[in-house]
Engineer: 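If you scroll down you'll find the structure; I have some questions about it.
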Amino acid sequence: MNIEKAINEASQNLIKKRIKSALLDSEILMSKVLKKDKKFLITNSEEEISDNDYKNFKKLIAIRLKKKPIAYLTGVKSFWKYDFIVNEKVLIPRPESELLIEQVLENYKNKENINFLDIGTGSGCIILSILKEKKSFLGKGVDVSKDSLKVCKANANRLGLNSRLKLFKSDIDNFSLGKYDLVISNPPYIKNLDFKNLDDDVVKYEPKKALDGGLDGLSEIKKVIKKSSELVKNRGKLILEIAHDQKNEVKKILISNNFYINKVVKDFAKKDRCIISTKI
Ligand code: GLN
């Protein structure tokens with residue numbers, strides 16, 4: 001069996017299961033088995049692979065056929081400018097969450113020594129990307145999941161950010177440490193009824209706690225906003241990721257918690273995704 005044939009065979013099987021990224025997924029898993037990059041696969045497409053590598057490749061494809069996300073199979077996901085370690089205890093970083101980082105960079109262009117808090121840190125992709133960009137910032141991350149904090153810690157180590165990061169295991173309701181110039185959060189915001197519309201990849205494998213926003217999708221957002229109104233300094237900012245259909249409700253919640261709405265930003269799919277507000 002050669003590289004190209006094995007990839008094509010796997011890709012056909014993935015297509016039958018309606019996996020959209022079939023070819024790419026097959027290439028990624030082949031790269032993992034052979035410990036070679038994509039360029040190698042293309043330039044050596046006719047090279048024979050050992051029986052053992054072929055067996056291992058088929059094993060990974062079989063798991064992917066059951067819809068396990070590719071990032072959990074490889075253990076890494078690229079986000080912003082870095083590769084982040086992930087496992088099934090953390091939500092896989094989404095490209096739309098890079099908006100949070102863009103907004104922080106835009107709003108704090110010439111600002112130094114900002115002390116910020118990330119509520120629901122997960123893998124740490126957001127807080128760590130910001131710390132990488134802004135060398136004088138200090139970040140605190142809070143998450144209910146001890147396992148996700150372990151992943152965040154491992155990512156912080158890899159990126160050399162330990163000295164500017166502090167992590168806390170806590171429910172946001174019980175967290176009241178410090179006052180911050182800025183609070184950021186990508187809270188769980190999926191409505192219970194919307195779970196049935198999510199891909200199997202997400203529903204079967206990603207941590208429900210990181211996605212579940214209760215009946216109306218707003219239960220965690222409400223907690224985050226309420227708590228942030230205590231944790232953010234006056235004139236400090238709250239930058240939140242929201243679902244595409246939550247803009248109006250979230251604005252109302254923010255206003256009733258003494259936040260002024262600066263703007264709502266759309267993601268690359270032109271959906272409202274990020275809301276920036278200031279504590280007044
Ligand atoms: N954007 C994610 C999704 O649709 C949800 C992330 C979240 O709930 N914060 O799968």
Side-chain angles (χ1 to χ4, degrees), residues 18-21 25 67-73 77-80 84 86-104 117-130 141-145 147-149 151-152 155 171-173 183-228 238-251 253-254 264-277:
R18 295 197 180 79
I19 294 176
K20 291 179 211 111
S21 48
D25 290 1
K67 302 288 169 80
K68 186 163 182 163
I70 209 84
Y72 291 148
L73 281 165
K77 175 75 185 178
S78 293
F79 177 85
W80 195 247
F84 288 88
V86 292
N87 64 27
E88 287 176 52
K89 302 294 182 184
V90 297
L91 196 73
I92 299 168
R94 311 289 205 258
E96 59 268 29
S97 301
E98 292 178 355
L99 266 186
L100 290 172
I101 297 156
E102 281 172 16
Q103 287 307 313
V104 170
L117 174 72
D118 178 17
I119 301 174
T121 304
S123 65
C125 62
I126 298 167
I127 189 171
L128 297 173
S129 297
I130 294 170
V142 54
D143 205 296
V144 267
S145 155
D147 290 319
S148 82
L149 291 175
V151 176
C152 180
N155 281 315
D171 193 310
I172 190 55
D173 289 332
V183 173
I184 54 168
S185 184
N186 172 17
Y189 54 63
I190 309 283
K191 276 190 199 76
N192 283 172
L193 277 172
D194 284 346
F195 263 89
K196 64 175 186 323
N197 303 325
L198 298 176
D199 283 349
D200 275 357
D201 298 41
V202 180
V203 181
K204 279 170 74 177
Y205 292 95
E206 296 205 72
K208 189 155 190 243
K209 226 176 164 32
L211 294 162
D212 187 357
L215 268 184
D216 60 359
L218 293 165
S219 64
E220 301 305 308
I221 291 187
K222 277 182 194 149
K223 286 191 210 170
V224 167
I225 294 177
K226 195 164 177 285
K227 201 67 192 186
S228 296
L238 171 60
I239 300 185
L240 275 179
E241 181 172 322
I242 55 169
H244 66 94
D245 55 357
Q246 289 175 336
K247 176 175 78 176
N248 292 332
E249 286 118 314
V250 174
K251 273 186 177 175
I253 304 165
L254 282 165
V264 177
V265 188
K266 292 187 195 300
D267 62 19
F268 50 81
K270 303 216 163 29
K271 293 184 171 164
D272 293 322
R273 188 61 65 195
C274 180
I275 186 158
I276 296 122
S277 57

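Both ligands and their constituent atoms are indexed starting at 1 by order of listing. Here the structure is a predicted model, which is why all the values come from computation and not from measurement. Basis for what follows: all heavy atoms, side chains included, without hydrogens, waters or symmetry-related copies.
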Engineer: Judged by atom type as modelled, is there a donor-acceptor pair below 3.5 Å linking the side chain of Ser123 to the main-chain atoms of Cys152?
Structural biologist: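 Side chain of Ser123 to backbone of Cys152, a donor-acceptor pair under 3.5 Å: no, none is there.
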Engineer: Quick one: does any side-chain atom of Ser148 pair with a main-chain N or O of Val90 as donor and acceptor, under 3.5 Å?
Structural biologist: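 No, because the side chain of Ser148 does not come within donor-acceptor range (under 3.5 Å) of the backbone of Val90.
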Engineer: For Asp147, enumerate each residue passing the salt bridge (Lys or Arg N to Asp or Glu O under 4.0 Å) test, keeping only those at least two apart in sequence or located in another chain.
Structural biologist: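 Testing Asp147 for salt bridge (Lys or Arg N to Asp or Glu O under 4.0 Å), a comparison that skips the adjacent residues, returns Lys89, Lys150.
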Engineer: Considering only protein heavy atoms, which is closest to atom 10 (O) of ligand 1, and at what distance to one decimal place?
Structural biologist: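 For atom 10 (O) of ligand 1, the nearest protein heavy atom is Arg94 NH2, 2.9 Å.
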Engineer: Would you say Asp143's side chain and Gly122's backbone share a donor-acceptor pair under 3.5 angstrom?
Structural biologist: yes
Engineer: Between Pro187, Gly217, Gly120, Ser97, flag the one that comes closest to atom 7 (C) of ligand 1 by a heavy atom.
Structural biologist: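 Among Pro187, Gly217, Gly120, Ser97, the closest heavy atom to atom 7 (C) of ligand 1 comes from Pro187.
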Engineer: To check your reading of the model: name the closest protein heavy atom to atom 8 (O) of ligand 1, its residue, and the distance in Å.
Structural biologist: Tyr189 N, 3.1 Å
Engineer: Do the charged groups of Lys204 and Asp200 touch, with an N to O distance under 4.0 Å?
Structural biologist: no
Engineer: Tell me the contacting part of Glu206 for ligand 1: side chain, backbone, both, or neither, using a 4.0 Å heavy-atom threshold, strictly below.
Structural biologist: neither
Engineer: Identify, by atom number and element, the atoms of ligand 1 in contact range of Ala210, meaning under 4.0 Å from any of its heavy atoms.
Structural biologist: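 Every atom of ligand 1 under 4.0 Å from some heavy atom of Ala210: 7 (C), 8 (O).
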Engineer: Among protein heavy atoms, which lies nearest atom 4 (O) of ligand 1, and at what distance?
Structural biologist: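 Protein heavy atom at minimum distance: Ile190 CD1, 3.8 Å.
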Engineer: Any atoms of ligand 1 less than 4.0 Å from a non-hydrogen atom of Asn186? List them with their elements.
Structural biologist: 7 (C), 9 (N)
Engineer: Give the numbers and elements of all ligand 1 atoms closer than 4.0 Å to a heavy atom of Pro188.
Structural biologist: 8 (O)
Engineer: List for me each residue that meets side-chain contact (heavy atoms from CB on, under 4.5 Å) alongside Asn197, sequence neighbours excluded, and say none if there are none.
Structural biologist: Asp194
Engineer: Give the atom numbers and elements of ligand 1 that come within less than 4.0 Å of a heavy atom of Glu96.
Structural biologist: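 Result: 1 (N).
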Engineer: Report, as yes or no, whether the 6.0 Å neighbourhood of atom NZ on Lys209 holds more than 12 heavy atoms from other residues, nucleotides or ligands.
Structural biologist: no
